[in-house]
Number of protein chains: 2
Amino acid sequence: MIETPNRPRLLIIDDEQAIRRFLHTALDGSEFALYDAEDGHTALAAAATLLPDLILLDLGLPDMDGIEVISRLRELSLVPIIVLSVRDREGDKVAALNAGADDYLTKPFGIEELLARIRVVLRRSQPQVAEPVFSDEDLTVDIAHRRVTAQGNDIALTPTEYDLLRLLVSHAGKVLTHSQILKHIWGVTYLEQPHVLRVNISNLRRKIEANPSRPRHIITEPGVGYRLRVSET
Amino acid sequence: MIETPNRPRLLIIDDEQAIRRFLHTALDGSEFALYDAEDGHTALAAAATLLPDLILLDLGLPDMDGIEVISRLRELSLVPIIVLSVRDREGDKVAALNAGADDYLTKPFGIEELLARIRVVLRRSQPQVAEPVFSDEDLTVDIAHRRVTAQGNDIALTPTEYDLLRLLVSHAGKVLTHSQILKHIWGVTYLEQPHVLRVNISNLRRKIEANPSRPRHIITEPGVGYRLRVSET
DNA sequence: CCGGATCTTGACACTTTCTTTATGATTTTT
DNA sequence: AAAAATCATAAAGAAAGTGTCAAGATCCGG
């Protein structure tokens, strides 16, 4: 077999060939590299050397108790374990989950649900990466931390200025009309009062634009509204 | 004080009072502080200010689609969400899990299984908080030992001051709004009374800041709240 | 019941922010 | 090119937010 170490490794622990074949068919073409083990001892050895990213475990193994397999796996690592079992008794589920399993699916189950639950446990085991941060040239807006930097410096924004910038960021590249912005930040009562918007745009530009009279980020769309520019390429 | 803000907070989102009462009974005496929401909009507002550690969500809400509630919650945070639903169709489960739910339990379910699955998702979400000691410049906060030092000296904090500092530490770098802090430490009844927060921030600064009038650790975000600064690089 | 620590509340000075007004600049229309 | 509309900036008073001190109120262990 050709190793493909880039794909996440999935270890299937089940003594019935029919189940393994079913899972192989179901997961074929998915992003996983599949490995099999037919009994508990083989599985533990495989988990130790293979270091899989996910384990699908049938509780009814010939040589070991399923719960003990989970416990022994947990001594090795925190690899996500999804239990597949014909047993539907609550006690079995609780025991497996308490022993360290991450999920418990009762056979028969749909392949789509299995795939969805696999995605859930992988999502949780992956370190968090995606922070919603807008970045363009010398301007960065970190919504999660409420931090804005321009030309490398932290910028202190007033609440309204920040609300305005956040609104622009959330629609980056698109034009927001005067009335849309006014309605969102000042409410419908200010629809006839566009001055307040201009003043705040001006203040915002003075803080985040290198040259406020020649804005590169907050673009005026004459007669329409404003737009946060997004650089090409 | 009625509130016990140290316990993990569990937000129950369900429009049926019978279910809420059942869950309250089932979870009574558990380690959780329970909060309720009866519709989607209330739930989203509560999640934003309450910062719960876990959410139990019924999909059949009167005012919003359950899947959308999950999506909107996910825009706010990565808080674990367990869906409780009468619908047993695979499509519903897959949609909920893909939208960001961590588990999906079909009613009726056993209370032991629910507790076990709660433990599972909490176990998985723990590593995020696995930083037991905060350290930045001349300030160190050791949560495990409840020890705070500044400029090399041990600092004696009152319970409220320590709770406040711990809350800031657990969200270091992020801005905590006034209402989030007030709800956390003083409970919802103090939402209209931000004064008590200012006094405690002031007292805390006097103890841990080298120059309390020029704070380097507890930063005021005007009009928004406070943030514990984390030095760059 | 007392003493000390802690929490809450009120008062006040201070700072920042918001809104409005005014005026000049720019763009579009006639 | 002139007129009209739109846009940008500065400045000032009003409003809201913030920090600090200090006086009661409350809680707790002896």
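Proteins get letters first, then strands, A, B, ... in listed order; numbering begins at 1 in each. Just so you know, these numbers use all the heavy atoms, side chains as well, and skip hydrogens, waters and symmetry mates.
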Enquirer: What is the separation between atom CD1 on I181(B) and atom C1' on dT18(D), rounded to the nearest whole Å?
Expert: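 Interatomic distance, CD1 of I181(B) to C1' of dT18(D): 14 Å.
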Enquirer: Specify the residue among V224(A) and R198(B) whose closest nucleotide of DNA chain D lies further upstream toward the 5′ end.
Expert: V224(A)
Enquirer: Under 4.0 angstrom, heavy atoms only, what part of the nucleic acid is E161(A) near: base, sugar-phosphate, or nothing?
Expert: nothing
Enquirer: Checking contacts here: which listed nucleotide (dT18(D), dC18(C), dA8(D)) is nearest the side-chain heavy atoms of P159(A)?
Expert: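 Of the candidates, dC18(C) comes closest.
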Enquirer: Between atom CD1 in I201(B) and atom P in dC21(D), what is the gap in whole Å?
Expert: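 Atom CD1 in I201(B) sits about 16 Å away from atom P in dC21(D).
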Enquirer: Give the rounded distance in Å between these two atoms: CD1 of I185(A) and P of dC18(C).
Expert: 11 Å
Enquirer: Using a cut-off of less than 4.0 Å, is there contact between a side-chain N or O of T158(B) and OP1 or OP2 of dT6(C)?
Expert: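 Answer no for this pair, as no side-chain N or O of T158(B) is under 4.0 Å from OP1 or OP2.
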Enquirer: Has Q193(A) got a side-chain N or O lying under 4.0 Å from the OP1 or OP2 atom of dT19(C)?
Expert: no
Enquirer: By nearest atom, which of the nucleotides dC18(C), dT20(D), dT6(C) is closest to the S213(B) side chain?
Expert: dT20(D)
Enquirer: Write down the distance between CZ (R205(A)) and C1' (dT9(D)), rounded to a whole number of angstrom.
Expert: 11 Å
Enquirer: Would you indicate what P194(B) reaches in the nucleic acid, counting non-hydrogen atoms under 4.0 angstrom: base, sugar-phosphate, or nothing?
Expert: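 P194(B): no heavy atom of the nucleic acid under 4.0 Å.
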Enquirer: Could K107(B) and D14(B) be called an ion pair, given the rule that one side-chain N must be under 4.0 Å from one carboxylate O?
Expert: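 D14(B) and K107(B): salt-bridged.
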Enquirer: Starting at CG of N203(B) and ending at P of dT9(C), how long is that distance when rounded to a whole Å?
Expert: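 From N203(B) CG to dT9(C) P: 15 Å.
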Enquirer: Let me spell it out: for each of G223(A) and R206(A), pick the nucleotide of DNA chain D with the closest heavy atom. Which residue's pick is nearer the 5' end?
Expert: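 Looking at DNA chain D, the more 5' nearest nucleotide goes with G223(A).
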Enquirer: Is it the case that the base of dA11(C) and the side chain of H195(B) share a donor-acceptor contact (distance under 3.5 Å, atom types as modelled)?
Expert: yes
Enquirer: For K207(B) and dT20(D), give me the distance from atom NZ to atom C1', rounded to whole Å.
Expert: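 Rounding to the nearest Å, NZ of K207(B) and C1' of dT20(D) are 15 Å apart.
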Enquirer: Tell me whether R205(B) contacts the main-chain N or O of I218(B) through its side chain, where contact means a donor paired with an acceptor under 3.5 Å.
Expert: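 Yes, because the side chain of R205(B) sits within donor-acceptor range (under 3.5 Å) of the backbone of I218(B).
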Enquirer: Could you check which of dC7(C), dT18(D), dT19(C) has an atom nearest any side-chain atom of W186(A)?
Expert: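 Taking heavy atoms from C-beta onward, the closest nucleotide is dT19(C).
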Enquirer: Taking the side chain of V199(A) as heavy atoms from C-beta outward, which of dT20(C), dT18(D), dC7(C) is closest to it?
Expert: dT20(C)
Enquirer: Measuring only between side-chain heavy atoms, which start at C-beta, is L176(A) closer than 4.5 Å to L167(A)?
Expert: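 L176(A) vs L167(A): side chains touch.
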Enquirer: Without decimals, in angstroms, what is the distance between L182(A) CG and dT20(C) P?
Expert: 12 Å
Enquirer: Which of these, L11(B), I55(B), I13(B), sits in a side-chain contact (heavy atoms from CB on, under 4.5 Å) with Y35(B)?
Expert: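 Of the listed residues L11(B), I55(B), I13(B), the side-chain contact (heavy atoms from CB on, under 4.5 Å) partner of Y35(B) is L11(B).
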Enquirer: Return the 5'-most residue of the pair V196(A), L157(B) with respect to DNA chain C, ranking by each residue's nearest nucleotide.
Expert: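 Looking at DNA chain C, the more 5' nearest nucleotide goes with L157(B).
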Enquirer: Figure out the CG/P separation between N211(A) and dT9(D), and round it to whole Å.
Expert: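 From N211(A) CG to dT9(D) P: 10 Å.
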Enquirer: Using a strict cut-off of less than 4.0 Å between a Lys/Arg side-chain nitrogen and an Asp/Glu carboxylate oxygen, indicate whether R74(B) and D102(B) qualify as a salt bridge.
Expert: yes
Enquirer: Quick check on dG19(D): is either OP1 or OP2 less than 4.0 Å from any side-chain nitrogen or oxygen of Y226(B)?
Expert: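 Yes, within the criterion.
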Enquirer: Once you apply a heavy-atom cut-off of 4.0 Å, does Y190(B) come out as touching a base, just sugar-phosphate, or nothing?
Expert: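 Answer is sugar-phosphate: Y190(B) comes under 4.0 Å of backbone atoms only.
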Enquirer: Just to confirm, is there a sub-4.0 Å distance from OP1 or OP2 of dA10(D) to any side-chain nitrogen or oxygen of S202(A)?
Expert: no
Enquirer: Which pair of heavy atoms, one from L54(B) and one from P80(B), lies closest together, and at what distance?
Expert: CD1-O, 3.5 Å
Enquirer: So does T160(B) get a side-chain nitrogen or oxygen closer than 4.0 Å to the phosphate oxygens (OP1/OP2) of dC7(C)?
Expert: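 It does, given that an N or O in the side chain of T160(B) lies less than 4.0 Å from OP1 or OP2 of dC7(C).
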